[in-house]
Structure formats: C-alpha cells, structure tokens
Amino acid sequence: MINKYKNYYFLIGLLLVLLMNISFFGAEYYLNEESYYHMRLAGQNFDSLMDRALEPVIYYSIIEFINPVIFNTILSAIIFILIWNIILKINKDTKINEFFILLTSLIPSTIYLFTRLSPDIVGFLFLSIGLFLSFKNKYASYTFLFITGYFNIFYMIFGFIFLALKEKRKTGFIFLFLSLLIYYFINPFLLNTLIHPQFSFYFTDIGFLLGYSILITILSIHGLYLNWKRSLYNSFLYAFIILGVIFSLFYLELIIVMAIVLCYFASISLSRLYYYKWSHETMKYLSILMIVSSILFLVILYFNMSLEDKSLKIEDLKEIKDLEFGTVLSSLENGFLISYHLNTPVVFDSYSYKFFKEDKEILFYSKDLDEVLDNFLSNNITHIIIDNNMITGGIWDSRRDGLWFLISNTRRFNLIHNNYFRVYEVVY
Amino acid sequence: MKRQIALLFLFYILFIGISYFISIQTSGFSFEAYDVIRQVDAIKTSGTPLFDDPLSQGGRDRVFNPIYYYFMTALSFIFSLDIIIKLILPIIFGLSIFLVYLITKIITENDVASIISSFFMTFIPINYFLILNNGAVYNLLIPLYLLSIFCFLKSNTNPKYLYYLIISFVALSLFHPASILLGFSFVVYLLLLKFQAFKETRKEQEVAIFFLIFSFWLTSILFQRAFTTENTFFVWQNIPTFLLDSFYLSDGLQVFVFSLGLIIIALTLIGVYNAFFVKRKKHLLLIISLIILPITLMILQIIPLSITLLLIAPFLAIVSGYSISLFLEQTKLFKFNKISLVSLTIILALQIALFLPSVPVSISLSSQGPTKADLDAYEYLKNLEKGTVWNLPKEGFAISYYTNKPVLIDEDFLLVPNINRRFSDSYALYRDRFLTTAIERLIFYEAKYILISKYAKQYGFEELLFADDECIVKIYGEEESPKIYELRCGLSD
C-alpha cells in the first residue's frame, strides 16, 4: 500500500504541485482573474451568499476561515494523489506512469486548476473521488458524482456518462437522469448553459495552444496511435477524450480533464521515444531534450503571461482605491480585478458573457446621449474605466464608435484619472 | 559522366545568367527587398535586427526568424547588397538544379531522366517570378529543403547522411518556419506508405517525429508572442482577410499552368498515377507527399498560391523526371530509340517555348519597386519634420528605408492589432471625398503625411479629393509625378 507512494517521480510531481501553490502566498499578481471573484465572494457575509441559488456556499464559508491558498494546496495535493491512484489502476507500466505524473504536474492546464481559487477545485476533487471509486466498482462513486453536481453540474454529467460508457451499463444514464431532475428542481436555470456551446474555448489559455501545447498534442496523437496498435485494455480512455472534446464546448474547465488524458497518451509516446533504441541516437537525444525544454518553456510562459499587465493594472487600481464608486462599467476582462480591488460592483465580468452580448449594444455602441445616460442611471453606473485594449479594437475601433465617441465629444464624462486606466466620472 | 556534369553546369550557368539578366533590368530592388536591407543595416549598427521597429506600422514589436538577416549581414561584409540580391542569392538558389538531379538519380537510377528533371528545374517560370531582386529567404529555403530530402534518401545506403540530414534540417528551421511543412510531409508520407501497404521502417517514423518536434519547438520559442496574442490566427500570420481571399485566386488554374508549365504538370500527373496504381515506388511517395501537403494547405488558405507553386516546383521537376524514365524504359523495351530521342527533343523544346513568355512577366515582377520619381519624393519626405506617412502596404518597407519615417502599413502583418481595419483604411483614405472622415482617419493613426506614389497611381489614386489649401495641403508633386500632402489641422479646427 505504502509502496505505491514511494515512487520518486510521484513525489517530485506532488512537490511541484505543493510548491506552485505555496508560491502564491502574497503573490497577488499571479492569481487568475477569476480568483479575485471567488476571494471577494468569500469576504461577503453568509446571508448574502445564501441568496445566490446553488452557489457553493460551503466553499466560500470555508475559505473565509481558512486561508484560501492553504485550502487550495490541500485540495490540490489530494487530487494529485487521486490521479496517481487512478493511473495505477489503468496502467501497470511504471515508465509510462512516471512520465504521466511529470507531465500532469507541469502543463499549464493543471497548474490553472490547482492554483486558481475557485469552487471548481472542490468539484474536481469529487469527480476524481467518483472516478477513483468507480475502479473499485462501488456505488459510492455514484454518490460522489451526484455531490459533484452541487459544485459543477458539467463535471457530474461528464462523470456519469463516462461511468455508463466504461461499465457498459445503463445505470450511469439512469443516475444521470435522476440527478439532473433533482438539480432542475433546485435551480431550473442551471441547465440553460447547456445550450451555448463555444468553439473558442479550445483556444483559451488553458486550451491546446498554451494549456497543453501543440507538442503534447502531437505526442498524444502518436501515443494514441501506439495504444491503438497494441489494442490495450484501457480503450475506455478514448471515451474520455471524445467526451472531453464535446463537453469542452460547453464548459471551459473540462478541457483540463481532456488535457490530463492527453498527457497519458503523450506519456505513452514519450516512454516509447525514451526507452526504445532509435536507429540514430543523436536524433533521439535531441528530440527528448527539445520536449523537456519546451515543457519548461511552457510553464515559464504561462506564469509570465499571468504576470504581464496585471501588476500594472493592480498598482493603478490601488491608486484610485480611495475614490467613491457606484457601479463601474468596464470590459469583461477587467471586471473581476476592478470589483475586487475597488470593492465595488461592475456591470460586466468574465462570468457575464451572456449579458454582455445582450447589453453591449446599448451600453457601448449607442451614440444617443440621452438613451445612454438613462441606461447608466437605471444601472447606477457612476464611473467608466477604460484601458488601451478597449479603445484599440477590444470594444471600439475608432473614436467614432458609440460611447467612446460620446466620451470624447461631450462634457458629460469627466476624466478623473489617467494612467494605465482612464477613469471617467459620469455627470448626470 | 563528364557530359552530365557539363550539362548540369550549363543549366546552372544558364539559370544564373537569366536571373541576372532579369534582375539588372532595373537599377533598384523590388519593394520587399527593403525590409532585408533595413534589417542588415540594423544588425550592422546595433548587432540585432529590428525586433522593436520604430518605423513599421507606426512603431511596434515584430517577430521573425533572425538568422536569415544575420546570414545576409555576414555576406554584406564581403559583397555589396546590390551584388548579393542580384547575383549571390540566385547562385545559391541555382544549387537546387544539382540537388534535383541527385534526388531524381536516386529515385530513377537513370542519368538521362535526371538530367531532364534538372533541365525542367532550370526552366520552371515560377523560379524566376518570386525570388529575383527581392532578397527573399526562399533563395536559401528551397536548396535546404532539397538538401534535407537528398540526405534522407541517401541515408538508406550511407547512415552517415543522417548527420547531414540533422544539420540541413536544423539550418532550414533556423531560416524559416516552413520547416514545419517538411515534418508534416513526412507524416503524409507515412500515411501513403500505409495505404500503399509498404513496410515502413523505424527510421522514417523517427525522422518524422524529430522534424515535427524540432520545428514546433523552434517555432514556439521564436514566435511565442505571436502564439499568445494571435492565437490560432497565428497560422494565417494575421494576414488581412482581403488578402487571404486572394490566396485562392479565381483564375488559380491559369496561374498554375503559366507558372509551372503544361508539360511539367502533365508529366507529374503521369508520374503520380504510375506511383499509385502501376509501379509502386517507395521513395517517390515521399516526393508526392511533398507536393500534396502544400497544395492542401493552399486550398485551406494557409499558404499563398505563389509560395505553394515555389515549394512544389522542384518536386514536380523530379516526378516529371520519373515519368521520363518510365517513357525511356518503355521505348528501350520496344527499341524505339529514335522515336524517344525525337519525343524528348519535342518535350524540351516545348518547355523552353512555354518558358519564354514568362521572361517579360519576371522582368515586370522583379522591377516592381520604387521608380526614380518615387525616390525623389522619398528624398523630399526625408527632409520634412517628424510624422507618420500614409501609404499602401506594398511600399511600406521602401518608404521606411528611404525616408526614415514611420509608415502606416507594410507587408509584415504579424502582431499588428486590428489589421483588417488598418489594411482597408490604407486604401480607403485615397478614395475619401469628405475632409472630416479623412482627418478622423489621419488622426486615429497619427499620420501627418500622405504619399501618392507611382505605385499608388496603378490603383487609380491620382489626387486626394478632400485636399484643400488649409487643412490637407499638397506640398510636393506636379501632374504626373508622385504627390505628398501634409495634414495641418485637427478635428476641432
């Protein structure tokens, strides 16, 4: 029992996960943007949280008492141990497992999962427990997957369909149907998101370009080919990938699940490249060297990207912290940062993409000053915060466009701060 | 053997001679060459190329493979840039003729067919359209591409060539990201081997893996900023949609035939048919995969038609050589030696007849640069006070080089935000009728001068309709000569 945790590579992987988490202590620039949102919610009182239907109140209550970074570190470590146990059930080949564990702990997709302060990690924990228990054929796995739905409905649906396909029984589908019914009664709007697939999810920072990189994708295709050729027992992993591809259209974080499975196939390819004798050894060592360096490069790039601009933004927001704000209008990307650092409501943030699509025409693109001011008044908008990205194509293409035209050409918007952000006060 | 070497050298000298003749028809260079010249100047003065270019598109960061510019700088210490662009680069490109001969020899084991394929390589029109007088990296890319293939094929008999293969591929990757194409071509090759039920060796898989890993590794390091900012659009190099549409020309087939020659296309089709259905030939499948991949990418609008033609041209010459070898085998079998001699002479004469009309086109393409009158206008611009110049995309690099002033747009689109808008605006201003719209555009891009060059006149831009004597003032140019206008007011005026 203890021996399986004595693996040298597993311990390095675990150490990496812990180190990445611990490095976040006090390093506020490194936090993912959504983390600010969850930290702000944790700061709210319990009663106001209860108003939010099906929000994982327990999570916010816990991180209100325990330091969120410590809490996240503990959960990440447990998830990592569970992933290790699952992989040991799937595959007995230590060489493949060792590569897998190193890749999993190093790709940005999983770093994103482990280091982002959000209830998602709890959902992921329950999903991992559910999948782990499924290898022991216990009905407890269904219970855990049901609880997963409380934190993340997509993880639950994914888990149940996966179990149904893996065990080739209808039980998974029946449980899924019952669980969805129960959650529907708790919150009928929950399933609305199911009908908004977005292809662009694949290309975000945890998608295939940066999240698990093109190189790992190529290696995983090679691994898939090798696995197919050997007709290995774990053919249900293909279901994992297919479900991952489909579900990632609906819920971004499921890309992480897919990335972990792709890492498994990439590690099959890597172990083949590393342990087999090549007809030309120089080519082999060059290839291995490049794979290692590109994965390290990927990690550095991910951290650099997280840091880029954010420090400037945060420092600038700190300068205007003492001003009095009502509701602030800014871009989706700035939403969480502004609401957390200025402790004020914002009209849009990354979670309000749907509303953004509906309301942006009125708020950002109307040139009718009276209509705009009426809308601002009804939304209690007192300030507009604009950065360079917004005026160079992010929202407006030129000074002739919508609100940017009104701001530049009327006297109803006072410029009160001009640094990284331009802050305009609305004069009613 | 001596006769073959003599013939090869004759083709080589012919190629250099024709290229030089075309290049010297104009004293300057074509517009694209000025980017290379600026980079060489920057390396000579600061030691690094212009990664942070203060003149490109109003001043911005750029990403590219710098090695080619260092190579050009190294050459510029020995020769003048004029000689390098007009003579040395064609001399390097001409080495492809030898490589085509060697590759065809390995595939066909027939001397005559190999000589004929190198003859085709000498007289393929596209080779004169795209590489002359512009200092293009393709002058080096194509020989390195062929060298990698030659080393791979040769490594079957001599494993030492695998080392040369690694060296040539690394060099290729350092010069241009097109090395990724070679990696993917090997994947297509492996698939073709599977379909044709050939036994694939481990070496082929390993080479494919090495090529893919190395080219992606290098590209992801050199172009990481483009990856993260452009996302998947990186694949299209942020090229404006309007230009992307023109990649897949409506008259694509005509261009195809004119640039490659009907004879070569016909012989290639015969060769491909034979390789798939009549006489299976393993190595030929590699050459075919090197043709299939660029054409597929062109159909997907990932690489332009012109570059596709340039990339596949040597391989078409090789497959044509293979078809000729089949023809020679057949005639030998039936003892039709005289007929084969006559047929070959007709084929070669036809190829030359098809090549000749392309010479004037090559001359006009390679002379597409600033005229004497343009240079005078540039000189005038140079002496004016600081300000961005409004121009058309093609002439951007030349204006930056001669005037040392920032330009609105040039032909390096990677990392430029809102490129579609900038691109369409660059043309739209010349058609503007109203002063307010024009001033708004000029202010938005912080442009101070508007240039109507001889090149812009080709698009029918003769005068600015919104120009007046107060706000947009003509400061240079008469009837036929280029004109320069200056912005002297703001929107509030």
Side-chain angles (χ1 to χ4, degrees), chain A residues 108 199-200 202-205 207-210 213-219 221-222 225-226 269-270 272-273 276-298 300-302 304-305 308 388-389 391-394 396-401 405 408-409, chain B residues 155-156 159-163 165-167 169-170 173 180 183-184 187 190 194 201-221 224-235 416-422 424-425 436-437 440-441 443-445 491-492:
Chain A
F199 193 66
S200 59
Y202 294 123
F203 307 111
T204 53
D205 53 354
F208 98 103
L209 272 181
L210 187 63
S213 86
I214 300 174
L215 207 61
I216 287 183
T217 314
I218 290 172
L219 287 176
I221 291 168
H222 184 227
Y225 168 71
L226 293 173
S269 162
L270 265 177
R272 164 77 175 239
L273 298 182
Y276 279 66
K277 192 173 164 47
W278 284 38
S279 51
H280 199 271
E281 288 295 294
T282 318
M283 229 184 248
K284 171 183 164 175
Y285 290 120
L286 269 174
S287 303
I288 300 287
L289 191 73
M290 281 174 300
I291 292 168
V292 173
S293 63
S294 68
I295 290 168
L296 291 176
F297 177 73
L298 197 67
I300 296 165
L301 181 65
Y302 180 76
N304 258 349
M305 263 187 70
E308 207 174 13
N388 239 357
N389 290 333
I391 55 170
T392 51
W396 304 288
D397 283 333
S398 81
R399 275 186 184 270
R400 281 172 289 167
D401 293 347
F405 175 80
S408 320
N409 294 291
Chain B
S155 68
N156 291 323
K160 210 170 72 180
Y161 274 83
L162 272 174
Y163 281 107
L165 172 66
I166 294 173
I167 295 166
F169 183 74
V170 169
S173 309
I180 293 176
F184 278 115
V187 176
L190 290 174
K194 271 249 176 269
T201 61
R202 201 192 281 175
K203 192 186 84 185
E204 276 133 8
Q205 282 186 31
E206 287 163 8
V207 168
I209 289 170
F210 171 73
F211 279 7
L212 280 178
I213 290 175
F214 187 82
S215 47
F216 271 112
W217 173 77
L218 197 71
T219 312
S220 63
I221 286 176
Q224 57 98 352
R225 267 203 67 195
F227 261 132
T228 50
T229 49
E230 308 287 357
N231 236 323
T232 38
F233 294 106
F234 167 71
V235 177
V416 181
N418 285 326
I419 187 63
N420 281 321
R421 187 186 160 82
R422 188 178 279 261
S424 61
D425 273 354
T436 337
T437 357
E440 228 172 34
R441 281 191 220 276
I443 290 174
F444 185 74
Y445 293 105
L491 265 181
S492 52

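This one's a predicted model, so the numbers in the text were calculated from it and none came from an experiment. Order of the sequence lines sets the chain letters (A, B, ...), proteins ahead of strands, with each chain counted from 1.
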> Mind checking what makes ring pair (Phe, Tyr, Trp, His ring centres under 6.0 Å) contact with Phe184(B), not counting sequence neighbours?
Replying inline: Phe216(B)
> Picking from Leu218(B), Leu165(B), Leu162(B), Val187(B), which has the most non-hydrogen pairs under 4.5 angstrom with chain A?
Replying inline: Leu162(B)
> Given a strict heavy-atom distance threshold of 4.5 Å, which part of Leu273(A) is in contact with chain B: side chain, backbone, both, or neither?
Replying inline: side chain
> Can you name the closest pair of heavy atoms from Ser220(B) and Phe297(A) and give their distance?
Replying inline: O-CE2, 3.6 Å
Distance-only donor-acceptor hits, side chain of residues 206-215 of chain B, under 3.5 Å, sequence neighbours excluded:
{"from": "Glu206(B)", "atom 1": "OE1", "to": "Ser279(A)", "atom 2": "N", "distance (Å)": "3.0"}
{"from": "Glu206(B)", "atom 1": "OE1", "to": "Ser279(A)", "atom 2": "OG", "distance (Å)": "2.5"}
{"from": "Glu206(B)", "atom 1": "OE2", "to": "Ser279(A)", "atom 2": "N", "distance (Å)": "3.3"}
{"from": "Ser215(B)", "atom 1": "OG", "to": "Phe211(B)", "atom 2": "O", "distance (Å)": "2.6"}
{"from": "Ser215(B)", "atom 1": "OG", "to": "Leu212(B)", "atom 2": "O", "distance (Å)": "3.3"}

